Asker: 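Dropping the structure in here first, questions after.
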Amino acid sequence: MKLPIGVSDFKDLIKGEYLFADKSLFAKDVMEDGAKVVLITRPRRFGKTLNLSMLYYFLRQNHIADENLFKDLNISKDTEFCAKHQHQHPVIFVTFKDIKQDSYKESYADIVTLMSNLYEDHSYLLDGNILSESEKRIFRAVQDQTASLSNIREALKKLSKYLKKKFKKPVIILVDEYDTPIQEAYLQNYYEDMIKLMRSIFGQALKDNEYLDKAIITGITRISQESLFSGLNNIEVYSVLREEYGQYFGFTEIEVSQLITQTEQEIFLHFITEWYNGYQVGKYILYNPWSIISCLKNQGKLQSYWINTASNDLVAKLLRNAKFSTKQQFEQLLQGNIIEQPISENLVFANIEKREEALWSLLLYAGYLKVLSTELGNYQLKARIAIPNKEVSFIYGNIIANWFGEAISLDAYGEFVKSLADGEMIRFKEILSSYIMQTGSYFDFNSNTAEQVFHSFILGLVVGLRGDYIISSNQESGLGRLDVILIPKNELKNGILLEFKTSTTPELLLDKAREALEQIKDKKYISTFKQHNINSVSAIGLAFCGKQVEMIHENISIT
């Protein structure tokens, strides 16, 4: 059987005889949810579009031919539920996942086209006398892309009215990736215009809409109710912090094992877990479905697949502009540590760069972090968070490498990390000095810059070696606490130790660098390498004064 890379249409999935995990009971759970409006937020590529597509084919009225799509699936066993809901509802299905343009004008044009295509799908409503002549004029205007702004704002509500007139039943509205246009607008600086448009579209379609039976909405984040879903009283939001619907978005370990068996591949689950597991929703421990399918498609090759599914520009921008204390927290995360941070269930984009909880919340909901536990205290929700798996860790590494690559080029960055790994210290110092002189966007170096800033700076620079080295900092070793250590995964390679000092005057740089090197030896930092059977270490003392750097290094044999 085929593996469904990029297949998000449920009908195509079934008709194409692709391998898939049966999530059909999602239809029963969501339709029996007491809320009139259900919002489910999950990271990208976690099956949101596919699940709503499945709902669409299951629920839509008068499409008996679609019954075979659900033959032998779990939902088909509940005959009472199927009799009540299968092909019994007029349905509107709209996805905003492709609305991501550089300007509001372009995005608005795409939304006009989106509504036009939606109306075209329901053009049968123009037949006979279902609609009045004035309603037909509005319908044709939306269909022909000549509708006014007010017609576009009320397009979903008007269509629900027309469908109710046709089928004599209130409508199910399915909205996929509702927040994609809003996130892109924030990134491209037309957020206010887009939030006004989307607030109007959803407000009219979901609030006091007498033609609405139920709405199911998916997205990555919950945009603050006050700014988008204003006035909606009967809305229930299910984020990754709530267990409900946990099993329907992402693969469970049982499902991953079944897929490995079905593809007849010799892949150890342990390695799959290390790379793609780690997402936690209540009692459910989940794997990234896109990455699992991609890995199986590539005969079990373990690499970062998720990074290529969309731009990481927003995350990169937020981390670049974060406060130094936040960057220090990321230093801890990149070393595999768990940190505790406040989390907000409502996301206000205007606060992302002002309030730390907004940044951590976005990263959590977007799949760049996982939550291990939560606790309510001092009117805040505190969460213990960590990087979920090796794949996401590499995404962070790629983001950081790109920051440095902007100043010294990615080729030069590759040469930089190679020179460090190969012990080419003269070249290492040349590129390091060049970067410090050129950069001004990530760190602001001056004669009063604290040692910890340079510490984080160097730690970020060497992240490109994470594939071949275990990188740690502030680790206890010998008689003290070392700055940065790189332990090679190949025992034949040199270990690397970096110790930092700062100076208020350039004249003392060489002495400070020598002091850093002597500290490595005096404090017996190299003892850590003995535990890993490493025979030699490149010990490097670095001293900084503003944008000037000096270095002393020595190769030390371990006996």
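Predicted model, so just to flag it, every value in this text is computed and none were measured. Every heavy atom of this structure was used, including side-chain atoms; hydrogens, water molecules and symmetry mates were not.
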Asker: Quick one: closest heavy-atom pair of I220 and P43, and the distance?
Answerer: CG1-C, 4.4 Å
Asker: Between the main-chain N or O of E177 and the side-chain N or O of T218, is there a donor-acceptor pair closer than 3.5 Å?
Answerer: yes
Asker: Would you compute the distance between atom NZ of K48 and atom OG of S8 and round it to the nearest 0.5 angstrom?
Answerer: 11.0 Å
Asker: Look up atom CD1 in I272 and atom CD1 in I292, then write down how far apart they are to the nearest 0.5 Å.
Answerer: 4.5 Å
Asker: When you measure from the side chain of K28 to the backbone of F81, do you find a donor-acceptor pair of N or O atoms at a distance under 3.5 Å?
Answerer: no
Asker: If the condition is side-chain contact (heavy atoms from CB on, under 4.5 Å), which residues does D213 pass it with, not counting sequence neighbours?
Answerer: H89, P170, I172
Asker: Under the salt bridge (charged side-chain N to carboxylate O under 4.0 Å, His left out) definition, can you give me all pairs with a residue in residues 360-374, not counting sequence neighbours?
Answerer: none
Asker: Minimum heavy-atom separation for V371 to I385, with atom names?
Answerer: CA-CG2, 4.3 Å
Asker: Within the supplied structure, the quantity of interest is the number of heavy atoms (other residues, nucleotides, ligands) at a distance under 6.0 Å from K489 NZ; does it exceed 12?
Answerer: yes
Asker: Please assess E253 against I285 for the test side-chain contact (heavy atoms from CB on, under 4.5 Å), listing each intermediate value before the final yes or no.
Answerer: CA-CA 7 Å; E253 188 161 295; I285 306 297; over 6 Å; no
Asker: Are L381 and L241 side-chain neighbours, meaning at least one heavy-atom pair lies under 4.5 Å?
Answerer: yes
Asker: Is the Y56 to F10 ring centre distance short of 6.0 Å?
Answerer: no
Asker: Could you measure the distance from the NZ atom of K71 to the CG atom of L73? Nearest 0.5 Å is fine.
Answerer: 11.0 Å
Asker: Using only atom types and a distance under 3.5 Å, with no angle test, would you say the side chain of Q262 pairs donor to acceptor with the backbone of L19?
Answerer: no
Asker: Should the pair K161-E154 be classified as a salt bridge under the 4.0 Å nitrogen-to-oxygen rule?
Answerer: no
Asker: Quick check: closest heavy atoms across Q88 and A83, and the distance to 0.1 Å?
Answerer: CG-O, 4.0 Å
Asker: Mark yes when over 12 heavy atoms from residues, nucleotides or ligands other than E375 sit less than 6.0 Å from its CD; otherwise mark no.
Answerer: no
Asker: How about D12 and Y18: does a side-chain donor come under 3.5 Å of a side-chain acceptor?
Answerer: no
Asker: First locate atom CG of L59, then atom CG of L52, and finally report the distance between them rounded to the nearest 0.5 Å.
Answerer: 10.5 Å
Asker: Per the ring pair (Phe, Tyr, Trp, His ring centres under 6.0 Å) rule, which among Y287, Y365, Y245, Y279 passes with F46?
Answerer: Y279
Asker: Out of the candidates R242, K36, R222, only one should pair with E236 under the salt bridge (charged side-chain N to carboxylate O under 4.0 Å, His left out) rule; please name it.
Answerer: R242
Asker: I'd like to know if the side chain of D179 and the backbone of G219 have a donor-acceptor N/O pair within less than 3.5 Å.
Answerer: no
Asker: Would you indicate whether the side-chain heavy atoms of I111 and M194 approach each other to under 4.5 Å?
Answerer: yes
Asker: Side chains of L212 and S160: closer than 4.5 Å at any heavy-atom pair?
Answerer: no
Asker: Sub-3.5 Å donor-acceptor pair from the side chain of K214 to the main-chain atoms of A35, do we have one?
Answerer: yes
Asker: Check the pair L163, L159 against side-chain contact (heavy atoms from CB on, under 4.5 Å), reporting the backbone distance first and the verdict last.
Answerer: CA-CA 6 Å; L163 285 169; L159 186 56; 4.2 Å; yes
Asker: For a 4.5 angstrom cut-off between non-hydrogen side-chain atoms, does L286 reach T252?
Answerer: yes
Asker: Does K283 offer a backbone N or O that forms a donor-acceptor pair with the side chain of E243 under 3.5 Å?
Answerer: yes
Asker: Would you indicate whether the side-chain heavy atoms of Y248 and L25 approach each other to under 4.5 Å?
Answerer: yes
Asker: Looking at every non-hydrogen atom in both residues, tell me the closest pair between Q188 and Q101 and how far apart they are.
Answerer: CG-O, 3.7 Å
Asker: Backbone N or O of S291 within a donor-acceptor pair of the N288 side chain at under 3.5 Å?
Answerer: yes
Asker: Quick check on the 6.0 Å ring-centre criterion: do Y276 and W290 meet it?
Answerer: no
Asker: So R153 and L197, side-chain contact (heavy atoms from CB on, under 4.5 Å) or not? Walk me through it.
Answerer: CA-CA 7 Å; R153 286 172 172 166; L197 175 64; 4.1 Å; yes
Asker: Taking all atoms of both residues into account, what is the closest heavy-atom pair of I471 and V462, and its distance?
Answerer: CD1-O, 3.3 Å
Asker: Checking E255 against K23 for the salt bridge (charged side-chain N to carboxylate O under 4.0 Å, His left out) test, could you report, in this order, the C-alpha distance in whole Å, the side-chain angles of both residues, the deciding distance, and whether it holds?
Answerer: CA-CA 10 Å; E255 289 168 339; K23 306 283 190 180; 2.9 Å; yes
Asker: Give the minimum heavy-atom separation between P388 and G367, together with the two atoms involved.
Answerer: CG-O, 3.9 Å
Asker: Do N234 and V37 make a side-chain contact, defined as non-hydrogen atoms from C-beta onward lying under 4.5 Å apart?
Answerer: no
Asker: Who pairs with Q341 by side chain to side chain donor-acceptor pair (under 3.5 Å), at least two apart in sequence or on another chain?
Answerer: Q329, W360
Asker: State, with a plain yes or no, whether a side-chain heavy atom of E184 is found less than 4.5 Å away from one of I99.
Answerer: no
Asker: Examine distances only and state if a side-chain atom of Y119 and a backbone atom of A155 form a donor-acceptor pair shorter than 3.5 Å.
Answerer: yes
Asker: To the closest 0.5 Å, what do you measure between CG (D193) and OH (Y190)?
Answerer: 10.0 Å
Asker: Could you please spell out the steps behind the side-chain contact (heavy atoms from CB on, under 4.5 Å) verdict for I217 and F202?
Answerer: CA-CA 10 Å; I217 306 169; F202 292 134; 5.5 Å; no
Asker: Between the side chain of T261 and the main-chain N/O of S257, is any donor-acceptor distance below 3.5 Å?
Answerer: yes
Asker: Counting only heavy atoms from other residues, nucleotides and ligands, does the tally under 6.0 Å from CD1 of I254 exceed 12?
Answerer: no
Asker: For the atom pair CD (E244) and OG (S239), what is the distance rounded to the nearest 0.5 Å?
Answerer: 9.5 Å
Asker: Do the side chains of L359 and L362 get nearer than 4.5 Å, heavy atoms only?
Answerer: no
Asker: Would the number of heavy atoms belonging to other residues, nucleotides or ligands and lying under 6.0 Å from NZ of K196 be above 12?
Answerer: no
